[in-house]
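So the structure is just underneath, and the comments pick up after that.
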Amino acid sequence: MTLNIILLGPPGAGKGTQAARLEEEHGMVQLSTGDMLRAAVKEGTPLGQQAKAVMDAGELVSDEIVSGLIGERLDALGGDVSVIFDGYPRTAAQADALDAILAARGRKLDHVIELRVEEDALVDRITGRFSCAKCGAGYHDRHKQPKVEGVCDACGSSEFKRRPDDNEETVRTRMAEYRAKTAPILPIYDERGLVTHVDGMAPIADVNDAIETILASAG
Ligand code: AMP
């Protein structure tokens, strides 16, 4: 059975972490518009050049751009792959676009999983996070240092990176954007009976278990 699920929650809620686990454990594919945009910025494509300033400010890139990216990525994947939308949709217009994108490809939304977190904890989570520049494994200054200082546990690389938008000022803007534009799409999905809430403050393994239970519950 092909699943289409959305992980919804403010920046730092753990969407990317959980999506990575679902990829590993179920062969699902994570579709993160943030990752796609960061790749475009790194490659210096016209899209990346346009998006960079908006991302650095913590504001939202246009609905057309991100929905276009999602459509392209789904087409490249083919029909029989289960997907996790991470960081998309972020506005009501994107939620509408996603319905159309899925319907045009014979897909439908199965679950919207909201990761609930306390905002104060998010600033701490986000401003301390960094990742391996080679394999992407995630770390944290205060909560998850590599076992050997300066060496990635997963691949042994000694190069790490931080997101330029993971500073306190930008994080506050990203949260305000979430409250103003993204949180209002939850009631729309709730009316359709798609939403399940998960405590995003719980340990990573517990959040993962809660998501597994939701996925096992029905299609
Ligand atoms: P993320 O990695 O999901 O935190 O996204 C990083 C940044 O990319 C956001 O702060 C936005 O500037 C941009 N972005 C990612 N996904 C979207 C989206 N669905 N709609 C608009 N902007 C997005």
Side-chain angles (χ1 to χ4, degrees), residues 4-23 29-74 83-102 109 112-115 117 119 121-133 136-140 161-186 188-189 200:
N4 299 275
I5 69 169
I6 296 175
L7 289 181
L8 207 72
K15 302 183 296 292
T17 302
Q18 294 300 328
R21 291 187 75 139
L22 292 172
E23 282 198 319
V29 170
Q30 172 194 22
L31 296 182
S32 157
T33 40
D35 285 350
M36 294 173 205
L37 291 167
R38 277 185 288 280
V41 170
K42 198 169 167 199
E43 285 161 26
T45 65
L47 166 65
Q49 287 171 18
Q50 199 184 331
K52 187 176 183 325
V54 179
M55 295 171 74
D56 284 349
E59 292 164 6
L60 294 186
V61 173
S62 85
D63 292 331
E64 291 72 23
I65 287 180
V66 289
S67 294
L69 287 171
I70 288 287
E72 280 169 23
R73 201 53 69 93
L74 275 176
V83 295
I84 312 145
F85 297 99
D86 161 9
Y88 177 90
R90 261 179 158 94
T91 64
Q94 291 178 26
D96 284 346
L98 180 59
D99 283 339
I101 286 167
L102 291 175
L109 212 46
V112 176
I113 300 173
E114 186 204 5
L115 296 178
V117 279
E119 253 197 39
L122 295 180
V123 176
D124 170 70
R125 273 194 191 184
I126 296 180
T127 55
R129 70 186 181 182
F130 61 99
S131 61
C132 172
Y139 297 97
H140 197 281
K161 62 179 182 186
R162 284 175 198 270
R163 285 174 46 170
D165 58 347
D166 276 352
N167 61 79
E168 179 157 357
E169 192 193 342
T170 308
V171 168
R172 300 267 178 212
T173 306
R174 287 158 66 196
M175 282 174 188
E177 289 283 65
Y178 180 81
R179 272 195 304 272
K181 297 176 184 161
T182 310
I185 67 183
L186 267 165
I188 302 171
Y189 286 133

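Counting starts at 1 for both ligands and their atoms, in listed order. Heads up: numbering here begins at 1 and tracks the sequence.
In this structure Tyr189 satisfies the ring pair (Phe, Tyr, Trp, His ring centres under 6.0 Å) test with no other residue, sequence neighbours excluded. Partners of Arg73 according to the salt bridge (charged side-chain N to carboxylate O under 4.0 Å, His left out) rule, which considers only residues two or more places apart in sequence or in another chain, do not exist here. Taking the salt bridge (charged side-chain N to carboxylate O under 4.0 Å, His left out) definition, one finds that Asp165 meets it with Arg163, Arg174, sequence neighbours left out.
Taking CG of Leu186 as the start and CD1 of Ile6 as the end, the distance is 9.5 Å to the nearest 0.5 Å.
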Protein N/O near ligand 1 N/O, under 3.5 Å, which pairs?
residue: ligand 1; atom: 2 (O); partner: Arg38; partner atom: NH1; Å: 2.9
residue: ligand 1; atom: 2 (O); partner: Arg38; partner atom: NH2; Å: 2.9
residue: ligand 1; atom: 2 (O); partner: Arg163; partner atom: NH1; Å: 3.2
residue: ligand 1; atom: 2 (O); partner: Arg163; partner atom: NH2; Å: 3.3
residue: ligand 1; atom: 3 (O); partner: Arg90; partner atom: NH1; Å: 3.1
residue: ligand 1; atom: 3 (O); partner: Arg90; partner atom: NH2; Å: 3.1
residue: ligand 1; atom: 4 (O); partner: Arg90; partner atom: NH2; Å: 3.3
residue: ligand 1; atom: 4 (O); partner: Arg163; partner atom: NH2; Å: 3.0
residue: ligand 1; atom: 5 (O); partner: Arg90; partner atom: NH2; Å: 3.4
residue: ligand 1; atom: 12 (O); partner: Glu59; partner atom: O; Å: 2.5
residue: ligand 1; atom: 16 (N); partner: Thr33; partner atom: OG1; Å: 2.8
residue: ligand 1; atom: 16 (N); partner: Gly87; partner atom: O; Å: 3.4
residue: ligand 1; atom: 16 (N); partner: Arg90; partner atom: NH1; Å: 2.9
residue: ligand 1; atom: 19 (N); partner: Thr33; partner atom: OG1; Å: 3.4
residue: ligand 1; atom: 19 (N); partner: Gly87; partner atom: O; Å: 2.9
residue: ligand 1; atom: 19 (N); partner: Gln94; partner atom: OE1; Å: 2.9
residue: ligand 1; atom: 20 (N); partner: Gln94; partner atom: NE2; Å: 2.9
residue: ligand 1; atom: 22 (N); partner: Val61; partner atom: N; Å: 3.1

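In this structure, Thr33 and Gln94 have side chains that are not in contact, with every pair of non-hydrogen atoms separated by 4.5 Å or more.
Side-chain atoms of Ser131 do not come within 3.5 Å of backbone N or O of Gly138 as any donor-acceptor pair.
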